[in-house]
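Notes follow once the structure below has been shown.
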Amino acid sequence: MAYDLSGKLVIGISSRALFDLELENTIYQEQGVAAYAAYQRGHENEALLPGTAFPLIKALLQLNTMIPDQHLVEVVIISRNSPDTGLRAFNAIAAHKLDITRAVFTGGESIARYLKAFKVDLFLSRDASDVQDAIDGGVAAAQLYAAPADYVAPDHQIRIAFDGDAVLFSPESERIFKEKGLDAFASHEHRYRHKPMGEGPFTELLRKLSHIQQQFRERSPDDDCPVRIAIVTARNSPAHSRVIHTLRAWHVEIDEAFFLGGLPKNDVLLAFGAQIFFDDQHDHVQPASALVPSGRVPYKGGDLKAKRLRVQKIAE
């Protein structure tokens with residue numbers, strides 16, 4: 001009987017997001033493919049150190065051991081490496097005892113076309129162009145920043161934090177803020193507070209995580225769920241109301257929400273103990289990444305439209 005990925009949470013991840021391959025990437029950038037391939041072959045039996053997403057992936061895979069006969073999470077390596085240079089990643093997977101058995105090595109070709117073939121719900125990579133291609137192809141994706149060297153993952157819960165607009169929700173409201181300012185944004189959100197926002201690139205991922213939570217809560221209602229979800233947003237009152245009504249319409253419950261009204265997000269994320277944080281703004285991701293693993297979610301179609309809007313606004 002064929003193995004079916006439907007219904008599972010499928011994470012596609014590049015080898016550089018899972019393991020620390022920054023030295024190898026520098027060799028590739030500065031010396032070329034041949035030098036990179038030679039280095040990988042020469043060191044393929046040396047176990048790689050964990051990368052930015054390693055703690056998250058390890059914790060997600062542990063969910064598969066918690067409910068008998070329920071394989072909730074599937075992780076697939078999706079990489080531009082050749083099959084030959086990709087061997088080192090599989091050796092590292094074995095060394096770290098990760099339950100990852102599937103991989104795609106494209107030998108330098110675009111990876112975006114394979115994401116839906118593997119039913120990927122979330123793609124994580126250090127490479128901005130691969131992430132942009134995934135988003136443009138309709139797959140939730142984030143470009144991971146370098147993780148803090150002293151980060152220690154929580155050992156009892158997976159804690160995932162999301163920004164709201166342009167990540168969980170559509171960028172419509174955020175565009176109003178950027179084009180017309182805070183007062184217009186607040187007025188618009190108050191007027192439409194009972195109308196659910198459009199779906200963002202990470203809406204389906206949120207639903208899948210919520211479904212996993214529900215399975216654990218139905219099985220052990222008195223125990224702490226091993227997955228905890230937070231929204232960390234620059235919104236505040238009265239714009240918070242539309243967030244709540246949208247989540248109700250989606251039948252999704254959030255464990256924690258932080259309506260910061262422009263306050264920095266990084267200290268809140270550290271206090272929450274985020275294992276990963278997703279935001280669409282570099283100015284939020286950069287400081288957060290100094291404390292917790294973080295990834296930037298690009299706009300569909302790139303930033304060209306946003307740049308045009310800024311230029312138009314300046315011209316006006």
Side-chain angles (χ1 to χ4, degrees), residues 2-5 8-62 64 71 73-137 139-147 276 293 295-296 298:
Y3 190 80
D4 188 5
L5 292 173
K8 303 181 189 306
L9 174 63
V10 182
I11 309 295
I13 187 166
S14 72
S15 53
R16 187 175 158 219
L18 183 58
F19 299 114
D20 182 355
L21 285 162
E22 296 314 297
L23 171 62
E24 290 79 357
N25 186 62
T26 299
I27 293 172
Y28 171 76
Q29 295 290 341
E30 296 181 356
Q31 301 179 39
V33 174
Y36 169 79
Y39 185 90
Q40 288 291 67
R41 290 192 206 101
H43 295 80
E44 65 184 26
N45 293 316
E46 296 177 11
L48 292 163
L49 295 175
T52 302
F54 185 94
L56 174 68
I57 296 301
K58 183 178 180 180
L60 286 170
L61 288 171
Q62 287 175 347
N64 293 334
H71 195 86
V73 179
E74 186 76 29
V75 177
V76 182
I77 300 293
I78 302 181
S79 168
R80 286 179 180 263
N81 273 295
S82 68
D84 182 69
T85 58
L87 179 61
R88 192 180 182 198
F90 261 128
N91 288 345
I93 287 168
H96 288 283
K97 297 181 170 60
L98 299 177
D99 183 19
I100 300 174
T101 61
R102 293 176 172 83
V104 176
F105 297 113
T106 69
E109 292 295 308
S110 172
I111 63 170
R113 72 187 75 173
Y114 301 109
L115 297 177
K116 288 191 175 180
F118 280 84
K119 297 182 171 58
V120 169
D121 297 298
L122 172 65
F123 175 64
L124 300 173
S125 174
R126 294 294 310 278
D127 187 88
S129 61
D130 283 343
V131 169
Q132 186 68 63
D133 287 346
I135 286 285
D136 291 346
V139 176
Q143 178 195 2
L144 299 184
Y145 287 30
I276 192 75
R296 187 180 71 86

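- Of all heavy-atom pairs between Q132 and P298, the closest is OE1-CB, 3.4 Å.
- Nearest heavy-atom pair, V131 versus R296, reported as atom, atom and distance to 0.1 Å: CG1-O, 4.5 Å.
- Residues S110 and D133 have side chains in contact (heavy-atom distance under 4.5 Å, counting atoms from C-beta outward).
- Side-chain N/O atoms of H71 and E74 include a donor and acceptor closer than 3.5 Å.
- I57 is listed as a side-chain neighbour of L18, based on a closest heavy-atom distance under 4.5 Å.
- Of all heavy-atom pairs spanning D121 and K8, the tightest one is OD2-O, 3.1 Å.
- Looking at every heavy atom in both residues, L144 comes nearest to A53 through CD1-CB, 3.6 Å.
- Checking each of D127, T106, D130 against R80 for a side chain to side chain donor-acceptor pair (under 3.5 Å) leaves exactly one that passes, namely D130.
- Within the model, atoms CZ of R16 and CG of N25 stand 3.5 Å from one another, a figure rounded to the nearest 0.5 Å.
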Between Y28 and V33, does a side chain to side chain contact (heavy atoms under 4.5 Å, CB included) hold up when you go through it step by step?
-> CA-CA 6 Å; Y28 171 76; V33 174; 3.5 Å; yes
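- Within the 4.5 Å cutoff, side-chain heavy atoms of F118 are placed close to those of V104.
- With L61 as reference, I100 is the one residue of L56, I11, I100 to meet the side-chain contact (heavy atoms from CB on, under 4.5 Å) rule.
- Residues V120 and V76 have side chains not in contact (no heavy-atom distance under 4.5 Å, counting atoms from C-beta outward).
- The main-chain N or O of Q143 is never found under 3.5 Å from a side-chain atom of S125 such that the two would form a donor-acceptor pair.
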Steps toward side chain to side chain contact (heavy atoms under 4.5 Å, CB included) verdict (I93, T101) | CA-CA 9 Å; I93 287 168; T101 61; over 6 Å; no
Could you give me the CA-CA distance, side-chain angles and deciding distance for E24 and R88, then say whether salt bridge (charged side-chain N to carboxylate O under 4.0 Å, His left out) is met?
-> CA-CA 11 Å; E24 290 79 357; R88 192 180 182 198; 2.6 Å; yes
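- Here the side chain of N91 pairs a donor or acceptor atom with the backbone of E44 at under 3.5 angstrom.
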Give the intermediate values and the outcome of side chain to side chain contact (heavy atoms under 4.5 Å, CB included) for residues F54 and L49.
-> CA-CA 9 Å; F54 185 94; L49 295 175; over 6 Å; no
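- Inter-residue side-chain proximity for I78 and S14 is flagged as unmet; no heavy-atom pair is nearer than 4.5 Å.
- Distance check: D136 CG to S129 OG gives 11.0 Å after rounding to the nearest 0.5 Å.
- Nearest heavy atoms, A134 versus L115: CB-CD1, 3.4 Å.
- Side chains of R126 and E22 form a contact here, defined as non-hydrogen atoms less than 4.5 Å apart.
- Here the side chains of F123 and I13 are not in contact, with every heavy-atom distance at 4.5 Å or above.
- Inspection of the Y36 and N81 side chains reveals an N or O donor paired with an N or O acceptor under 3.5 Å.
- Contact annotation: the side chain of P83 approaches that of F105 to within less than 4.5 Å [non-hydrogen atoms, C-beta and beyond].
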